[in-house]
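By convention here, the first residue in the shown sequence is residue 1. The figures here come from the full heavy-atom set of this structure, side chains too, leaving out hydrogens, waters and symmetry mates.
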Amino acid sequence: MSEAHDLGQASDAGASSEVLYDVTDGIATITLNAPERMNTISREMLSQLTALLVKAEEDKDVRCVILTGTGRAFCAGLNLEEATGGGGISGGMNSNKVSATLDLRNTPPTVMQAMDTPTICAVNGGAAGYGMDTALGCDIRLMADTAKLAAAFTKRGVVPESGGTWFLPRMIGWEKASELIFTGRTLSAEESVEWGLASRVVPAADLMGEARKLAREIADNAPLAVQASKRMMRIGLNETFPDHVHHVYLQLLPLMRSEDMKEGMMAFLEKRKPEFKGQ
């Protein structure tokens, strides 16, 4: 039985969809697909992106997710034409019916933050505002040499509404986060790596190949252990060290009884590549 059959292959969403979805060999690729408007976020794109992130997380055959965009931008922020016309995700802000709460089950930043499946953002072009925050919400960022991160929130009269004020101080420290947010500065791909906001820069033509290569390296490992590691990292952000060590121990107990751990040990002793099943 081939690896592709074991891990599952699927393709979803038609050409008219604002977000495309494909699963090949255990790697899900989610692609923002509105290049004519630089993949700016509309209400429909937001809904589709949320649904597909949940779909990937619930698919036991998906071991890694790549998020990217079509065209010359990854995501240029909110669709301002839709928003200023009273639609989009900011629709109704000027009415008297604005909700004081946010449904955290249906917003990409919170859904992505709760995912145990590893996520890679292949930043193919400009990532501004909401697009930048969405990229920061992924575990790893690879940037095309033509890509940029634009923290343009204060230049538009808003705050980083999609996670930036949470991500940035944790990723690069208070001082650098302050400089980036307060100035609304745009960083080149090389500067993004220097600031600690991306893993590396690759030629634009090689971006997806490098992203898939990295995703394959992740997907070849024991999925239960990878997911547990990510879950422990996330939980550890809000724990004391003694509490965290205790929780990691409790997480280790079921892994020690898993078929994958037995397979990993046997493969090491037999000097062969392990074949993990996620069991």
Side chain to side chain contact (heavy atoms under 4.5 Å, CB included) assessment of Val193 paired with Met143 | CA-CA 9 Å; Val193 172; Met143 295 187 67; 5.6 Å; no
Side-chain (Arg141) to main-chain (Leu197) donor-acceptor, under 3.5 angstrom = yes
Below 4.0 angstrom, N of the basic side chain to O of the carboxylate: do Lys55 and Asp59 qualify?
-> no
Looking at CE of Met265 and CG of Asp260, how far apart are the two atoms once the value is rounded to the nearest 0.5 Å?
-> 11.5 Å
Between Glu263 and Arg272, is there a side-chain N and carboxylate O pair less than 4.0 Å apart?
-> yes
Do Pro109 and Tyr130 come within less than 4.5 Å of each other through their side chains, counting heavy atoms only?
-> yes
Hey, does the side chain of Thr29 reach the backbone of Tyr21 with a donor-acceptor pair shorter than 3.5 angstrom?
-> no
Using a strict 4.0 Å threshold on nitrogen-to-oxygen distance, state whether Lys176 and Glu179 make a salt bridge.
-> no
Donor-acceptor pair, side chain of Asp116 and main chain of Lys230, under 3.5 angstrom | no
Main-chain N/O of Glu44 paired with Glu18 side-chain donor or acceptor, under 3.5 Å | no
Got more than 12 heavy atoms from elsewhere within 6.0 Å of CD, Glu217?
-> no
Do Thr68 side-chain atoms and Ala122 backbone N/O form a donor-acceptor pair below 3.5 Å?
-> yes
Take atom CD of Glu275 as the centre, draw a 6.0 Å sphere, and report whether it contains more than 12 heavy atoms from other residues, nucleotides or ligands.
-> no
Heavy-atom check, side chain of Leu180 versus side chain of Met132, under 4.5 Å = yes
When rounded to the nearest 0.5 angstrom, what is the spacing between OG in Ser199 and CG in Asp139?
-> 12.0 Å
Any salt bridge between Asp220 and Arg63, counting N to O under 4.0 Å?
-> no
Does any non-hydrogen side-chain atom of Met112 lie less than 4.5 Å from one of Thr134?
-> yes
Check whether any side-chain heavy atom of Val65 lies under 4.5 Å from a side-chain heavy atom of Met115, and answer yes or no.
-> yes
Of all heavy-atom pairs between Met261 and Leu255, which one has the smallest distance, and what is that distance?
-> CB-O, 3.3 Å
Regarding Arg37 and Ser42, is there a side-chain donor-to-acceptor distance under 3.5 Å anywhere?
-> yes
Verify, without hydrogens or angle tests, whether Asn33 (side chain) and Leu20 (backbone) share a donor-acceptor contact under 3.5 angstrom.
-> no
Do the non-hydrogen side-chain atoms of Leu67 and Phe74 ever get within less than 4.5 Å of each other?
-> yes
Please confirm whether the backbone N or O of Ala73 pairs with a side-chain atom of Asn124, one donor and one acceptor, at under 3.5 Å?
-> yes
For atom CD of Glu36, decide whether the heavy atoms of other residues, nucleotides or ligands shown that lie under 6.0 angstrom number more than 12.
-> yes
Scanning both residues in full, the closest heavy-atom pair of Thr119 with Cys138 reads OG1-CA, 3.3 Å
Is it true that a side-chain atom of Arg212 and a backbone atom of Ile27 form a donor plus acceptor pair closer than 3.5 Å?
-> no
Sidechain-backbone polar pair: Ser47 side chain, Arg43 backbone, donor-acceptor under 3.5 Å | no
Between Glu57 (side chain) and Thr117 (backbone), is there a donor-acceptor pair under 3.5 Å?
-> yes
